[in-house]
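Accompanying notes for the structure given below.
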Amino acid sequence: MTTSSGTFHRICAVNELPVSEAVRAEIDGTPIALVRTDDDVFAIYDECSHAAVALSEGDVEDCTLECWLHGSRFDLKTGEPTGLPATVPVKVYPVEIRDGDVYLSLTPKN
């Protein structure tokens, strides 16, 4: 499906995503970390801007994802770093929930 914000790709059913854990997905060669909270689903580029390791292997707390290697933290809504050593944001992607399925656009929000 194509909208004004780009093409959306079906990723999975919402209930396939564990709550408060990051899951890796790859869409057209782009690594994505998907995080389901109690209220929403977020998609963030799956590479720490500090150390180039997979963020999907990190821990989720509230609305942040922590890099497992050096502890950098990223806001899931904005991609902004909220904890050092990272100082550069990561891309955040639009997510839509349709009929219980997760759809994602590779056109970043930021």
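Worth knowing before you read on, the calculation uses all heavy atoms, side chains too, and leaves out hydrogens, waters and symmetry mates.
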Side-chain touch [X]/[Y], heavy atoms, less than 4.5 angstrom:
| X | Y | value |
| --- | --- | --- |
| Pro89 | Thr78 | no |
| Ile32 | Ile44 | no |
| Phe74 | Cys48 | yes |
| Val19 | Asp38 | yes |
| Ser72 | Pro81 | no |

Closest heavy-atom contact between [X] and [Y]?
| X | Y | answer |
| --- | --- | --- |
| Phe42 | Cys63 | CZ-SG, 3.8 Å |
| Gly71 | Glu66 | CA-OE2, 3.5 Å |
| Pro94 | Lys109 | CA-CE, 3.7 Å |

In this structure, would [X] and [Y] fall into the same cluster of hydrophobic residues linked by side-chain contacts under 4.5 Å?
| X | Y | value |
| --- | --- | --- |
| Val35 | Val92 | yes |
| Leu17 | Ile27 | yes |
| Val90 | Val60 | yes |
| Tyr45 | Val88 | no |
| Val14 | Val23 | yes |

(request) May I ask you to check whether Thr82 and Asp75 show a side-chain donor-acceptor distance below 3.5 Å? (result) no
(request) Run through Thr30, Leu34, Asn110, Thr107 and flag the one making a side chain to side chain contact (heavy atoms under 4.5 Å, CB included) with Tyr93. (result) Thr30
What's the spacing between [X] [atom1] and [Y] [atom2] if we round to 0.5 Å?
| X | Y | atom1 | atom2 | answer |
| --- | --- | --- | --- | --- |
| Asp46 | Lys91 | CG | NZ | 13.5 Å |
| Leu65 | Glu57 | CG | CD | 10.5 Å |
| Arg24 | Leu55 | CZ | CG | 10.0 Å |
| Arg98 | Arg10 | CZ | CZ | 11.0 Å |

